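The structure appears below as structure tokens.
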There are 2 protein chains.
Amino acid sequence: MPTIDDVARAAGVSASTVSYVLSGKRTISGPTQERVRQAIADLGFRPHAGARALASARTSVIALMAPLRAGVDVNVIMQFVTGVVRRAREFDHDVLLLTQDDMAGIERVSHGSMVDAVIVMDVEADDERLPALRGLKQPAVLIGLPGDERGLTCVDLDFEEVGRLALRHLTDLGHRRVALIGPPPSVLERHTSYAERMLRGYRAQAEAAGLEVLVQPCEGTAVGARAATLAVLEAMPDLTGVVVHNESALPTVLSTLRREGRRVPDDVSLVAVCPAEVALSQSIALTAIDIPAQEIGGAAVDLVMDLLTPTPPPRPGGAAAPATAAAAPVEGTDPTGSPTGTGPTRATVAPHLFPPHVTVRETTAPPRRTPA
Amino acid sequence: MPTIDDVARAAGVSASTVSYVLSGKRTISGPTQERVRQAIADLGFRPHAGARALASARTSVIALMAPLRAGVDVNVIMQFVTGVVRRAREFDHDVLLLTQDDMAGIERVSHGSMVDAVIVMDVEADDERLPALRGLKQPAVLIGLPGDERGLTCVDLDFEEVGRLALRHLTDLGHRRVALIGPPPSVLERHTSYAERMLRGYRAQAEAAGLEVLVQPCEGTAVGARAATLAVLEAMPDLTGVVVHNESALPTVLSTLRREGRRVPDDVSLVAVCPAEVALSQSIALTAIDIPAQEIGGAAVDLVMDLLTPTPPPRPGGAAAPATAAAAPVEGTDPTGSPTGTGPTRATVAPHLFPPHVTVRETTAPPRRTPA
DNA sequence: CGCGGAGGCCGAATCGGTTCGACCACGGCA
DNA sequence: TGCCGTGGTCGAACCGATTCGGCCTCCGCG
């Protein structure tokens with residue numbers, strides 16, 4: 001493994017010059033750059049990550065805490081994960097994967113200076129990790145929305161709106177007898193952020209519309225899903241619409257409805273809340289509010305990068321911000337160029353929420369008029 | 001962030017003493033150790049990972065290449081991943097996640113000295129990454145079995161035996177008309193190691209038993225699985241047994257059989273090849289050859305640690321090997337204490353193959369006598 | 001009583017980069 | 001012609017650990 005000194009020698013320059021060629025932090029003449037780059041290529045030089053981290057206090061690694069908790073669909077988790085990894089790579093960063101949901105992992109990699117930042121998934125309403133996260137020397141970004149997000153940066157789909165929208169789509173079609181098949185009890189008991197928010201929005205919308213609300217938690221197993229579907233059918237025999245917020249249950253919900261003689265969408269309309277891939281891999285293409293998991297993961301990385309770039313001193317005659325290329329959702333403060341001063345250390349920016357959309361596929365239709 | 005010097009000062013010793021207390025590589029007196037540990041606790045000292053990597057040439061990080069390829073079930077991948085992460089943590093190591101399947105990622109982290117070793121998943125029969133892997137300065141462990149594993153360390157379930165065993169279980173029960181619903185075409189076209197090996201074993205066993213072999217590739221989607229099931233039923237209407245080696249297809253295969261009037265296991269027996277969790281979360285508990293994905297992932301880490309511990313010079317009067325606590329499968333050369341000399345740099349050790357077992361649950365039974 | 005050896009600790013070199021201050025040469029301007 | 005500014009490069013300090021050689025002390029033994 002050649003070192004920077006080897007490169008310097010080969011190029012006939014000093015080590016610092018090589019470093020500056022690499023980082024671009026000082027101007028180096030064209031010919032010199034050329035020689036240096038050539039030497040780097042010839043020798044196959046790759047800077048030693050540890051040495052770099054030691055000297056620059058930057059590791060080019062971000063930690064991703066993706067706890068595999070009971071009740072959360074692995075497919076969805078992996079969507080987030082790949083979104084994060086992909087986007088991180090575009091910023092020349094790697095991802096250290098933490099799967100334990102305790103704080104110890106975070107503290108270890110943080111205090112040990114193994115990472116530049118932390119992204120945390122599966123946030124709960126009153127997450128115990130919050131205070132520790134706030135105390136980190138590295139910035140932290142949450143995927144999800146805890147009850148108190150002060151001092152933290154958050155990004156997620158706007159699940160409250162998801163709840164409203166899902167129901168509204170059905171009522172707009174004319175459905176009045178609707179049930180929600182939700183996440184597993186364990187997820188709710190944990191007060192998982194997305195589940196509670198979705199539920200809140202759904203309930204609010206239902207009450208506003210004067211509908212009876214029927215909410216049925218549901219295990220992700222086949223038997224659990226079957227039981228939940230039957231329970232809903234029994235509690236509301238005249239139901240014509242279902243919202244399903246539970247990826248693992250979808251196949252069984254679908255087949256159970258069928259077995260019970262309810263055709264989809266003729267007899268009952270179904271709108272799912274899940275990633276598009278999941279909606280499309282079912283026995284029938286699901287009308288759904290797609291969870292853009294990959295995008296959200298990517299957005300989390302964008303936020304990390306924002307937090308990592310030293311706040312550009314707000315000089316008015318600005319060469320633009322160094323192109324973080326953040327395709328941020330339309331929300332919160334304007335991504336580029338803060339309107340006025342940078343504000344109180346950007347700690348109070350609004351959470352970045354992606355607006356949800358209904359994608360109509362093959363499982364929703366107006367209720368049949370006959371029973372009316 | 002306190003440094004080792006701060007600790008040394010607080011404890012009234014030199015920095016090297018602190019280091020030796022931490023590493024245990026030299027004897028330090030009891031009282032001194034006590035003072036040092038106290039100082040560490042008081043200050044909340046955590047060694048700087050970069051500095052440590054620089055000085056010791058060890059990062060305590062291992063790279064895991066887990067490409068998310070079309071056709072491989074995410075649940076299974078994640079089982080491996082968590083197995084790796086968990087076991088790595090037991091050895092005080094962290095995991096850097098690579099999801100691209102190109103070699104660039106590996107080379108980057110390897111040459112940059114970001115990791116101590118590499119674990120590679122989803123190996124193909126003639127994997128193009130092999131030569132590069134052999135050239136790495138860090139050890140590499142494959143989960144899977146390429147055609148030519150010389151110079152590489154491999155671990156996996158013995159999928160050839162899986163193929164034989166699955167079929168044998170059915171024939172032992174008396175079934176003679178059996179079909180295999182396999183992985184998606186894309187997986188086979190890539191010559192994915194596990195798929196080909198399973199198929200080979202299955203074919204061999206079928207021929208040995210003089211059975212007609214019917215193999216049906218199958219997409220992981222609901223429509224794909226339905227199509228595959230119907231195809232098999234049409235090609236072999238009198239079939240009484242199915243082997244399914246395709247996690248994502250299982251729910252639909254099951255429901256399709258049912259819809260076609262074939263009761264499981266009364267009319268047709270089904271044995272799956274999948275992780276136990278998957279077998280148990282179906283509408284009926286599947287008789288299956290469980291893929292111990294977590295264990296295999298853990299075993300990969302064990303192998304990494306073996307490769308990482310400097311080969312204990314084979315002195316006969318041995319204090320035992322430093323307890324890597326490897327629960328290795330019963331295979332290959334004896335894990336501890338090589339029978340004779342350490343052999344040619346352990347490059348030629350046999351691949352570590354886990355022996356498969358059939359776990360009988362509720363989907364297999366003898367064929368009904370009536371049609372005979 | 002003297003010597004050898006082991007136990008326990010320290011000092012300094014080292015790992016491989018980054019970064020700041022300084023230096024040099026050259027061009028423009030007065 | 002002299003001075004200043006600037007673009008381009010170098011040298012050296014520094015980041016925070018690990019590790020090797022050496023030194024001192026104390027004990028045991030002859």
Side-chain angles (χ1 to χ4, degrees), chain A residues 1-37 39-40 43-61 92 108-116 137 310, chain B residues 1-37 39-40 43-61 92 108-116 137 310:
Chain A
M1 292 284 99
T3 73
I4 200 173
D5 284 303
D6 298 327
V7 174
R9 212 167 305 126
V13 298
S14 79
S16 54
T17 300
V18 177
S19 178
Y20 285 124
V21 168
L22 253 13
S23 71
K25 295 194 176 175
R26 281 198 185 180
T27 55
I28 301 291
S29 71
T32 304
Q33 285 207 31
E34 207 40 53
R35 293 209 317 284
V36 170
R37 289 190 201 291
I40 290 178
L43 300 181
F45 166 74
R46 217 72 70 92
H48 187 288
R52 178 177 281 217
L54 181 54
S56 68
R58 290 279 301 253
T59 63
S60 292
V61 173
D92 258 300
R108 180 166 37 81
V109 299
S110 163
H111 293 152
S113 300
M114 300 183 69
V115 300
D116 292 338
K137 63 176 177 181
Chain B
M1 292 283 98
T3 73
I4 201 174
D5 284 303
D6 298 328
V7 174
R9 212 167 305 128
V13 298
S14 79
S16 54
T17 301
V18 177
S19 178
Y20 286 124
V21 168
L22 251 14
S23 71
K25 294 193 177 175
R26 282 197 185 180
T27 55
I28 301 290
S29 72
T32 305
Q33 285 207 32
E34 207 41 53
R35 293 209 317 284
V36 170
R37 291 192 199 290
I40 289 178
L43 301 181
F45 166 74
R46 217 70 72 93
H48 187 287
R52 176 174 282 211
L54 182 54
S56 68
R58 290 279 301 252
T59 63
S60 291
V61 173
D92 258 300
R108 180 166 36 82
V109 299
S110 164
H111 293 152
S113 299
M114 300 182 69
V115 301
D116 292 339
K137 63 177 179 183

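Because the structure is predicted, anything quoted here is derived from the model rather than measured.
- Mapping V13(A) and T3(B) onto DNA chain D via the closest heavy atom, the residue that lands nearer the 5' end is V13(A).
- Closest to the T27(B) side chain, of the nucleotides dC9(C), dG8(C), dT9(D), is dG8(C).
- R26(A) places its CZ atom 12 Å from the P atom of dT9(D), with the value rounded to the nearest Å.
- A close approach under 4.0 Å does not occur between any side-chain nitrogen or oxygen of S56(A) and OP1 or OP2 of dT18(C).
- Between S113(A) and dG16(D) there is no side-chain polar atom (N or O) within less than 4.0 angstrom of OP1 or OP2.
- No side-chain heavy atom of S60(A) sits under 4.5 Å from any side-chain heavy atom of D92(A).
- Here the P atom of nucleotide dC15(D) and the NZ atom of K137(A) are 14 Å apart, to the nearest Å.
- For dG11(D), the OP1/OP2 oxygens have no side-chain nitrogen or oxygen of S14(A) closer than 4.0 Å.
- Protein atom CE of M1(A) is 11 Å distant from nucleotide atom P of dG17(C), rounded to whole Å.
- For the residue pair S14(A) and T17(A), a side-chain donor N or O sits within less than 3.5 Å of a side-chain acceptor on the partner.
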Item to check | side chain to side chain contact (heavy atoms under 4.5 Å, CB included) assessment of L22(B) paired with I40(B) | outcome: CA-CA 10 Å; L22(B) 251 14; I40(B) 289 178; 3.6 Å; yes

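- In the interface, the side chain of Y20(A) is not paired with the base of dC10(D) through any donor and acceptor atom under 3.5 Å apart.
- Residue-level contact check: S29(A) touches the backbone only, with heavy atoms under 4.0 Å from sugar-phosphate atoms and none from bases.
- Per the geometry, NZ belonging to K25(B) stands 19 Å off P belonging to dC10(C), to the nearest Å.
- Closest to the side chain of A55(A), from the set dC10(D), dT18(D), dG16(C), is dG16(C).
- Between S110(A) and R46(B) there is no side-chain heavy-atom pair separated by less than 4.5 Å.
- Atom pair H48(A):NE2 and dT18(D):P shows a separation of 14 Å (rounding to whole Å applied).
- Two residues are said to be in side-chain contact when any heavy atoms from C-beta on lie closer than 4.5 Å; V36(B) and I28(B) fail this criterion.
- Between A51(B) and A15(A), the one whose closest nucleotide on DNA chain C sits nearer the 5' end is A51(B).
- Among the protein residues, S23(A) comes within range of no part of the nucleic acid, since none of its heavy atoms lies under 4.0 Å from any strand.
- Out of dC10(D), dG16(D), dG8(D), the shortest distance to the side chain of S16(A) is found at dC10(D).
- To the nearest angstrom, C1' of dT18(C) lies 13 Å from CZ of R58(A).
- In this structure, the CG atom of L54(A) is 7 Å from the P atom of dG16(D), given to the nearest Å.
- What separates CZ of R9(B) from P of dG11(C) is a distance of 13 Å, to the nearest Å.
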